[in-house]
Amino acid sequence: MENTNPEALNRQKQIKRTGLKDLSNAVSGKVILRFAPNPNGPLTLGHARGVTINSEYAKIYDGKVVLRFDDTDSKVKPPIKEAYSWIEEDYKWLTGKNPDIIVRASERMEIYLSYAVKMLDEGFGYVCKCSAENFKKLRDNSEECQCRKKESKENLSDWNEMVNGKLTEGMAVVRVKTDMNLPNPALRDWPALRIQHSHHPMVGDKYKVWPLLDFQSAIEDHEQGVTHIIRGKDLMDSTRKQTLLYNHFGWEYPETMYWGRVKIHEFGSFSTSGMRKEIENKNYSGWDDPRLPTLRALRRRGFDSEAMKDFWIDLGLTQKDISVSLQTIESFNSSKIDSKCERRVFVRDPKKIILNANNIEIPIKLILNKHPLNKIKGNREWNIEDLEIYVEEKDLEKKEIRLKDFADIEVRKSEGIIQSLDRNDKRSIVHWIPKSISKKAILTIPNGNEIIIQEGVIEDIQIMKNNIVQLERVGYAKIESIDDDIIKLLWLHG
RNA sequence: GCUCGUGUAGUGUAGUGGUCCAUCAUGAAGCCCUCUCGAGGCUUCGACCCGGGUUCAAAUCCCGGCACGAGCACCA
């Protein structure tokens, strides 16, 4: 090796490349990406990947992101009128900025329809009146159907019957002529537009014929000048179908990259339409129910958008199907929020203990940091004059404990005998709270499909609505409401 | 069945022929801390799917298996 490749002897520790890989064929300032959700609900954790990756690449290459609402199906996945603005909000929360361009497919129907006419006119598309079932049989045997042989004149007149409503749902479809002998059956004369007479929440009953995703998306990407498409690998065949269409039109297909499926352990398999149903059935309180994997639910609990972004960028863009734990996201979140979260004590299942000074001189006041490393300036003052404190029932199982930041005690029934103010041994340190500064609180914890409610008392010092605090030895929680007699906390994570 | 894709520690991720007895994070275990079992610091554990081939040299290239996943909707 010394002779053949001497420099290989100078070993160095490798370092991990961070951030996203380079986009191929990307010219700074010219990159146009897109994120295309169906507005049938707000954005979920899964969508966050698309939003993050696209907006991050746009940032790196000084490019643009098109937010495109793919709302061309009012039957199987009917759009929700409010979801358009929900999605815009969610996008802004996650990226910190608005999309550069926003388009709604339903507003651009004339464009799609005119390209459909062009396709029929130029003979690379046809109106097919075969049933889906029959066509599948023919396609599986690489056989052409009768409709394929029609002249463009006849196709155009059939098209008019589709458009004016004479032909009803299921009677005809427009197909793109590819090649019935293509090895991949999915690509053979694929359907581009179909008849849908259902009411559309945005444009009503204006259109009888609607494009399918592969057609609409292909046309719109071209119209917007999209240079790079990043999509799920389940859409690989879409790329191939659309490339065939682009060839007919004489266009050049954008660079395309794919990601694999992501499953978050804790959330199982959720679909937007599934969630919608559950919400309608009152099994969840709304789209921001803390058990749901929607961005609004996560935001409500106190997840930080930067942490979310870091998480998705760390996963990167790979075609592997992955299964990650919420814990990973939580750890990204902790590192973002910890230095911003003040500490407070929350004692669950509180048990009252009366302190016995035991002839030791004890202070009447304790001054505690708001943050252990003083990342947040300021402190909390605890008055312990009346000697009545609360400790968690579970912590009283041990008879000798240390009250954090205060004293070693021995517990005898409901009495706590102070043994020393200094820490003298390795006994466990527990959190506690003087009764005089405590206030009743409940902590709501989403746990899978359940909601766990924990009752306790919280340190009632500068408690502010919507703040996220770290409950010492418990975890992070958001203060959701403050009433005269009770404070409501929503669990974030440990 | 046809077509396509992916396989690096428990989970993710870096790595494109020698700088690799393999990176980083997370996790688990343990330790430290004038004091959090969930903050902070530190230590340890743990992986190239299998089998051939090419080469002085393979996680990396080639071939063949195997496993897993996806598409084949008038859904997106």
Side-chain angles (χ1 to χ4, degrees), chain A residues 1 3-18 21 36-40 70-73 75-77 128 130-132 135-136 139-140 142 169-175 182-188 190-196 209-210 212-214 216-217 231-241 258 260-262 265 271-273 310-311 314-316 318-325 327-332 334-335 338-339 341 343 345 371-373 375 395 402-408 421-423 428-431 470-476 493-494:
Chain A
M1 189 159 75
N3 302 325
T4 55
N5 195 353
E7 62 273 25
L9 291 167
N10 306 321
R11 305 181 137 195
Q12 268 173 18
K13 265 282 194 222
Q14 64 177 320
I15 47 162
K16 183 181 171 163
R17 181 191 59 72
T18 53
K21 283 177 195 155
N38 180 331
N40 63 345
D70 280 350
D71 57 349
T72 55
D73 176 22
K75 200 166 190 179
V76 184
K77 289 183 177 169
C128 175
C130 299
S131 69
F135 187 84
K136 183 176 160 51
R139 185 197 55 202
D140 288 347
S142 294
E169 290 184 16
M171 288 176 73
V173 65
V174 175
R175 295 189 180 280
L182 253 17
N184 185 346
L187 312 185
R188 297 173 192 157
W190 53 271
L193 302 98
R194 83 322 207 171
I195 300 166
Q196 256 192 5
V209 177
W210 287 84
L212 274 324
L213 171 85
D214 287 318
Q216 179 271 130
S217 173
R231 52 166 52 138
K233 68 173 183 180
D234 52 317
L235 259 27
M236 278 183 167
D237 280 348
S238 279
T239 301
R240 299 178 185 111
K241 287 187 210 173
Y258 307 93
R261 284 191 105 70
V262 181
H265 295 317
S271 69
T272 305
S273 42
D310 289 353
F311 166 75
D314 186 65
L315 288 198
T318 65
Q319 290 190 30
K320 265 168 85 172
D321 294 328
I322 55 174
S323 181
V324 293
S325 165
Q327 271 190 36
T328 309
I329 305 176
E330 292 173 351
S331 131
F332 274 93
S334 295
S335 54
D338 183 74
S339 60
C341 291
R343 308 295 132 129
V345 170
H371 183 101
L373 305 173
K375 293 270 174 68
D395 285 330
R402 175 158 183 88
L403 301 177
K404 184 173 180 295
D405 296 310
F406 180 46
D408 286 354
L421 292 185
D422 292 328
R423 182 156 167 75
S428 31
I429 296 169
V430 307
H431 62 295
Q470 192 204 71
L471 305 172
E472 289 186 339
R473 292 219 303 147
V474 179
Y476 300 94
H493 54 74

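Quick note on labels: first sequence line is chain A, next is B, and so on, each numbered from 1. This one's a predicted model, so the numbers in the text were calculated from it and none came from an experiment.
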Protein-nucleotides 74-76 of chain B N/O pairs under 3.5 Å:
residue, atom, partner, partner atom, Å
B/rC74, N3, A/Gly170, O, 3.2
B/rC74, N4, A/Cys130, O, 3.3
B/rC74, N4, A/Ala132, N, 3.4
B/rC74, N4, A/Gly170, O, 3.0
B/rC75, OP2, A/Arg194, NE, 2.4
B/rC75, OP2, A/Arg194, NH2, 2.9
B/rC75, O2', A/Asp73, OD2, 2.9
B/rC75, O2, A/Lys77, NZ, 2.5
B/rA76, OP1, A/Thr72, OG1, 3.0
B/rA76, OP1, A/Arg194, NH2, 3.2
B/rA76, OP2, A/Leu213, N, 2.9
B/rA76, O3', A/Asp70, O, 3.1

* A/Gln470 versus A/Cys341, closest heavy-atom pair with distance -> N-CB, 4.1 Å

* Inter-nucleotide P distance (B/rA47, B/rC21), Å rounded -> 15 Å

* Asked: When all nucleic acid strands are considered with a 4.0 Å heavy-atom cut-off, which category describes A/Lys375: base, sugar-phosphate, or nothing?
  -> nothing

* To do: Using a 4.0 Å heavy-atom cut-off across all strands, classify A/Ser217 as base, sugar-phosphate, or nothing.
  => nothing

* Please state how far atom NZ in A/Lys136 lies from atom C1' in B/rG71, giving the value in whole angstrom units. => 11 Å

* Nearest-Å distance once atom P is located in both B/rU43 and B/rC4 -> 49 Å

* Asked: With a 4.0 Å cut-off, would you call A/Asp321 and A/Lys233 a salt bridge?
  -> yes

* Considering only the C1' atoms, how many Å lie between B/rG27 and B/rC74, rounded to the nearest integer? -> 48 Å

* Would you mind checking if A/Lys136 and A/Asp140 are paired as a salt bridge, meaning a charged N to carboxylate O distance below 4.0 Å? => yes

* Between A/Asp214 and A/Arg240, is there a side-chain N and carboxylate O pair less than 4.0 Å apart? -> no

* Base, sugar-phosphate alone, or nothing: which one does A/Lys75 contact when heavy atoms must sit under 4.0 Å apart? -> nothing

* Side chains of A/Met236 and A/Gln319: does their closest heavy-atom pair fall under 4.5 Å? -> yes

* To do: For B/rA9 versus B/rC72, give the span between their P atoms, rounded off to a whole number of Å.
  => 31 Å

* To do: Using a 4.5 Å cut-off on heavy atoms from C-beta on, say whether the side chain of A/Lys404 contacts that of A/Arg473.
  => no

* Asked: Using atom C1' of each nucleotide, how far apart are B/rU54 and B/rG64 to the nearest Å?
  -> 15 Å

* Asked: Nearest to the side chain of A/Gln327, which nucleotide is it out of B/rG12, B/rU26, B/rG27?
  -> B/rG27

* Look at all strands and tell whether A/Asp405 reaches a base, only sugar-phosphate, or nothing, counting heavy atoms closer than 4.0 Å. => base

* Heavy-atom side-chain proximity of A/Arg194 to A/Asp73 below 4.5 angstrom -> yes

* Asked: What integer number of Å spans the C1' atoms of B/rA59 and B/rU16?
  -> 10 Å

* To do: Rounded off to whole Å, could you give me the NZ-to-C1' distance for the A/Lys21 and B/rA14 pair?
  => 9 Å

* If you measure from the C1' atom in B/rC45 to the same atom in B/rA25, how many Å do you get, rounded? -> 16 Å

* Could you measure between the two P atoms, the one in B/rA76 and the one in B/rC20, and give it in whole Å? => 50 Å

* Looking across every strand, which nucleic acid part, if any, lies under 4.0 Å from A/Leu421 by heavy atom: base, sugar-phosphate, or nothing? -> base

* Asked: Whole-Å distance between B/rU3 P and A/Leu187 CG?
  -> 12 Å

* Structure fact -> Rounded to whole Å, CG of A/Asn184 lies from C1' of B/rG5 at a distance of 12 Å

* To do: Pull out every stem in RNA chain B, meaning runs of 3 or more consecutive Watson-Crick or G-U wobble pairs with both distances under 3.5 Å.
  => B:1-7 with B:66-72, B:10-12 with B:24-26, B:27-32 with B:40-45, B:49-53 with B:61-65

* **For atom CZ of A/Arg17 and atom P of B/rU16, their distance in whole Å** => 10 Å

* **Minimum-distance nucleotide (side-chain atoms of A/Ser323 versus B/rG5, B/rG27, B/rG12)** => B/rG12

* Asked: Quick one: are A/Tyr258 and A/Arg231 in side-chain contact, heavy atoms under 4.5 Å?
  -> yes

* To do: Give the rounded distance in Å between these two atoms: OH of A/Tyr258 and P of B/rG7.
  => 16 Å

* Do the non-hydrogen side-chain atoms of A/Leu193 and A/Trp210 ever get within less than 4.5 Å of each other? -> no

* State, with a plain yes or no, whether a side-chain heavy atom of A/Val324 is found less than 4.5 Å away from one of A/Val262. => yes

* Would you say A/Leu471 and A/Val345 make side-chain contact, with heavy atoms under 4.5 Å? -> no

* In whole Å, what is the span from the CE atom of A/Met236 to the P atom of B/rU3? -> 16 Å

* Within less than 4.0 Å of OP1 or OP2 of B/rG12, is there a side-chain N or O belonging to A/Ser325? -> no

* Asked: Would you call A/Asn184 and A/Asp237 a side-chain contact if the rule is heavy atoms closer than 4.5 Å?
  -> yes

* A/Lys16 has a side chain; which of B/rU3, B/rC24, B/rU26 sits nearest to it? -> B/rC24

* Let me know, please, whether A/Lys241 or A/Leu315 comes out on the 5' side of the other along RNA chain B by nearest nucleotide. => A/Leu315

* Run through A/His371, A/Glu472, A/His431 and flag the one making a side-chain hydrogen bond (donor to acceptor under 3.5 Å, both in side chains) with A/Arg343. => A/His371

* Structure fact -> To the nearest angstrom, the NZ-C1' distance between A/Lys320 and B/rA67 comes to 14 Å

* **Side-chain (A/Ser331) to main-chain (A/Gln327) donor-acceptor, under 3.5 angstrom** => no

So which protein nitrogen or oxygen atoms get under 3.5 Å of nucleotides 38-41 of chain B's nitrogens or oxygens?
residue, atom, partner, partner atom, Å
B/rG38, N7, A/Arg473, O, 2.2
B/rG38, O6, A/Arg473, O, 2.9
B/rA39, O4', A/Gln470, NE2, 3.2
B/rA39, O2', A/Asp338, OD1, 3.4
B/rA39, O2', A/Asp338, OD2, 2.8

